[in-house]
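Here is the structure we will look at, set down as structure tokens.
FYI, side chains are in, hydrogens and waters are out, and symmetry mates aren't considered; it's all heavy atoms of this structure.
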Amino acid sequence: MTQPAPALDLTQRPGGPVVLTTTAPQGPAAWAAQNRDAVRNLVAQYGHLYVRGLGLQDWAATAAVFRGLTTTLLGEREAFAPRQHFGDGVHSSTSWPANQQMCMHHELSYTLEFPGLMLFACLNPPAAGGATTVSDAAAVLEALPADLVARFEREGWMLTRTYNDEIGASWPDAFGTDDRAAVEAYCRANAIEFEWTTDGGLKTRQRRLAVVRHPVSGARCWFNQIAFLNEFTLDPDVREFLVDTYGPDGLPFTTRFGNGEPIGPEVIALINDVYTAHTLREPWQAGDLLLVDNVRCAHSREAYQGDRQVLVGLADSVKLADCAPTGGAR
């Protein structure tokens, strides 16, 4: 593997990610074009990279940097929560209550084609909290109980969704169309079972792999959103409200074992505890950039106070079929 150039100023404190401190005298876009290979090599080496010193201030400069560091910027299908779209492949961070932790997850790992690289740019840091943290997927896999991993490798995991206009993304927002035939065609092409409800809503169910091999390194990675999209990761009061409102079978989203059996709260707590033990955290500073290999590392967002503005890029598409699955089913 290509080693980092000696001139690059890299630091890593205990419990923190790798941080590259730099300057961009000719502007962020020029810096990205000049340092693309070095940055991508560092992401390949560590699975993530914070870049500090670019001074990103608006979406246009952010878009230029995202384009300079990636092959292709992507749109989003099957979103579980709304985003604001700024154009040129730049999106807002996912709409999620500021006072609630966003659990570790791999972006769009419930789809058959997902971003291989995530980019985050902080234009305005929050007053407190709000860090975008990362966790190494191979280390998490190694730390989980072998029998639990074996079951998920055999069965995969299942995501069930009940779309409505009140919680999360509506089905027209998630699929980018209000044409039922187009949604049905997408579902059939992407191994998603679907059912239209009498009130015009949509219920879906999809079974996916829980453990994959990295498409480049071949490393086995815990790659899913089993904990993040499970009902027991929600604040207990929020879960109780959703169950009372929609019923246990009508929740906006939850996850199950691949055979359809419920996943108990003790399993979700265990997964989240392992993530916590392997979390790397760096507080945002204005103008920071974070790159995350979406298969190698999970990411999360802390609860926060104040005005937080973090822009997001989804890049470099990867097909699940190219990740040499270790078990389960699509």
Is there a path of hydrophobic side-chain contacts, each under 4.5 Å between heavy atoms of I, L, V, M, F, W or Y residues, that connects [X] with [Y]?
X: V295; Y: V216; answer: no
X: V310; Y: Y304; answer: no
X: V134; Y: L108; answer: yes
X: L202; Y: L159; answer: no
X: M158; Y: L320; answer: no

Is a donor on one side and an acceptor on the other found under 3.5 Å between the side chain of [X] and the backbone of [Y]?
X: N190; Y: I192; result: no
X: N224; Y: L209; result: no
X: R301; Y: Q100; result: yes
X: H214; Y: S217; result: yes
X: R308; Y: P126; result: no
X: D316; Y: L117; result: no
X: R239; Y: T233; result: no
X: W96; Y: Q101; result: yes
X: N124; Y: A286; result: no

Exercise for the section: Would you indicate whether the side-chain heavy atoms of L49 and L290 approach each other to under 4.5 Å? Expected result: no

Problem - Within-4.5 Å side-chain heavy-atom neighbours: E193 and K203 - result: no

Is the shortest distance from a Lys or Arg side-chain nitrogen in [X] or [Y] to a carboxylate oxygen in the other one below 4.0 Å?
X: R281; Y: E302; value: yes
X: E153; Y: R220; value: yes
X: E195; Y: R205; value: no
X: E184; Y: R180; value: no
X: E261; Y: R151; value: yes
X: E113; Y: R77; value: no
X: D173; Y: R83; value: no

Side chains of [Y] and [X]: any donor to acceptor distance under 3.5 Å?
X: T255; Y: N230; answer: yes
X: H48; Y: D136; answer: no
X: Y163; Y: R161; answer: yes
X: E78; Y: Y186; answer: yes
X: E107; Y: H299; answer: yes
X: T133; Y: S300; answer: yes
X: E231; Y: T254; answer: yes

Spatial distance of atom [atom1] ([X]) from atom [atom2] ([Y]) [nearest 0.5 Å]:
X: Q84; Y: S95; atom1: CD; atom2: OG; value: 10.5 Å
X: D199; Y: N164; atom1: CG; atom2: CG; value: 9.0 Å
X: N272; Y: F232; atom1: CG; atom2: CZ; value: 12.5 Å
X: H278; Y: L144; atom1: NE2; atom2: CG; value: 8.5 Å
X: Q34; Y: T22; atom1: CD; atom2: OG1; value: 9.5 Å
X: C221; Y: D293; atom1: SG; atom2: CG; value: 7.5 Å

Are [X] and [Y] near enough that their ring centres are under 6.0 Å apart?
X: Y110; Y: W157; answer: no
X: Y50; Y: W284; answer: yes
X: F114; Y: F223; answer: yes

Exercise for the section: Please test R52 against T23 for side-chain hydrogen bond (donor to acceptor under 3.5 Å, both in side chains), starting from the C-alpha separation and ending with a verdict. Expected result: CA-CA 8 Å; R52 179 156 290 158; T23 59; over 6 Å; no

Handout entry: Residue pair V312 / S92: nearest heavy atoms and the distance that separates them
Key = CG2-O, 4.0 Å

Handout entry: Heavy-atom pair of closest approach, residues T177 and W171
Key = O-CZ3, 3.6 Å

Practice task
Among L123, D288, V51, L311, find the one that has a side chain to side chain contact (heavy atoms under 4.5 Å, CB included) with L56.
Solution key: L123

Problem - Name of the residue among F253, F228, Y275 meeting ring-ring contact (aromatic ring centres under 6.0 Å, His included) with H105 - result: F228

